[in-house]
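One structure below.
Chain letters run A, B, ... following the sequence lines, proteins first, then strands; residues in each count from 1.
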2 protein chains.
Amino acid sequence: MSLEAEVREDAADRLARLMGDVDEAKCAVKKLRSLTRVIEGDDLNAEVNILKAMGDPCRLAILKFLREGERCVCEMMIALNRPQSSISHHLSILKDAGLIKERKDGKWSYYRLSDGAVIEIINQVKLLEDE
Amino acid sequence: MSLEAEVREDAADRLARLMGDVDEAKCAVKKLRSLTRVIEGDDLNAEVNILKAMGDPCRLAILKFLREGERCVCEMMIALNRPQSSISHHLSILKDAGLIKERKDGKWSYYRLSDGAVIEIINQVKLLEDE
DNA sequence: CCGTCATATGAATGAACTTGGATATGTATA
DNA sequence: TATACATATCCAAGTTCATTCATATGACGG
């Protein structure tokens, strides 16, 4: 039996003891695992990447800064008061996560939010924080 | 001059050169810094904590699991197939961030989402991911 | 082409985080 | 009071991540 299955078995045993009735417990385990499948049906990793990308002070500040519209790197350096390599690094993480889009124009790179959902997430987080 | 101020000065010089006009650049810098103040006016740290708490595969799965309602630790162990110490550890992070609430009943601890905003954030993240 | 400029990338360091086993805490039951 | 149990906390090890200096890339102007 795989290690993973053992872990499950252990937990299932607990539940059986908890519920008293073994058959009932088996049924409950079945239901729980079907929920697992629903959760894992989403691409958890992609979603985690988005949240991880937003979960950094510098990057969240960048996103908030971009609510106003398109901006270039040197403006962010001033507004956020960080070295260029830091801003550039964080921008690439945000871009990889699909949160922002880039437009190159000569020497300059301009960035903007890729979707209104980003603003919506920021707003909901603020709602949560205010409670 | 503080290191921080030097960084700003450096970036401001860049902008001045970029815009050609020093006075115009000073004005632009002023505007950028006022935006900074707006961004930092929010409690960035609290917001980052919320996003960081959500940005982990196990914790996001827990939150999705709790969409269905109140659950105890042993159910999460089965559904997410993780050792008890891991589930417990992640629950405490989610609780500290204010994302979930706890109810103790005898030996058992039950957890639930603390606010509908959590579900809303998860939905918006999924929207972003699907694009 | 050559130097300058805006931005990206590489590399090294240190801090923060996840993980899981071991142990502690606190509750119920006999 | 002693035991079993659910959950929390501790600890050590491995991993990921942010930071920033140094360097590379690629575009513009002379």
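With B/Glu75 contributing its side chain and B/Cys72 its backbone, the two residues share a donor-acceptor pair below 3.5 Å. Here the side chain of A/Asp105 pairs no donor or acceptor atom with the backbone of A/Trp108 at under 3.5 angstrom. Remark: the backbone N or O of B/Ala79 is paired with a side-chain donor or acceptor of A/Thr36 at under 3.5 angstrom. Although no hydrogens or angles enter the test, the distance criterion places no donor-acceptor pair under 3.5 Å between the side chain of B/Arg103 and the main chain of B/Tyr110. A distance-only check finds no donor-acceptor pair linking the side chain of B/Ser109 to the backbone of B/Lys104 [under 3.5 Å]. Using a distance-only test at 3.5 Å, with no hydrogens or angles considered, a donor-acceptor pair links the side chain of A/Arg59 to the main chain of A/Ala53.
Along DNA chain D, the nucleotide nearest to A/Asp105 and the one nearest to A/Gly55 differ in position, and the one closer to the 5' end is contacted by A/Gly55.
Atom pair A/Met76:CE and C/dA6:C1' shows a separation of 13 Å (rounding to whole Å applied). Rounded to whole angstrom, the span from the OH atom of A/Tyr110 across to the C1' atom of C/dT7 amounts to 12 Å. Rounded to an integer number of Å, the gap from CZ of A/Arg82 to C1' of C/dT7 is 18 Å. The distance from atom NZ of A/Lys107 to atom C1' of D/dT25 is 14 Å, rounded to the nearest whole Å. Protein atom CG of B/Leu51 is 17 Å distant from nucleotide atom C1' of C/dC17, rounded to whole Å.
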Problem set entry | Evaluation steps, salt bridge (charged side-chain N to carboxylate O under 4.0 Å, His left out), between B/Glu47 and A/Lys64 | CA-CA 12 Å; B/Glu47 297 176 20; A/Lys64 288 188 174 204; 2.7 Å; yes
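Judged by a 6.0 Å distance limit and a 45° cone about the ring axis, B/Arg71 is positioned over the six-membered ring of B/Phe65.
Of all the residues in residues 56-63 of chain A, A/Asp56, A/Arg59 reach under 4.0 Å from DNA chain D with at least one non-hydrogen atom.
For B/Ile93, the side-chain atoms get nearest to C/dT18 when compared with the rest of D/dT19, C/dT18, C/dT7. The side chain of B/His90 has C/dT19 as its nearest neighbour among D/dA6, D/dT19, C/dT19.
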Exercise. Which parts of nucleotides 8-16 of chain D does protein reach within less than 4.0 Å, heavy atoms only, written one letter per nucleotide 5' to 3' as B for base, S for sugar-phosphate only and - for none?
Worked result: BB-------
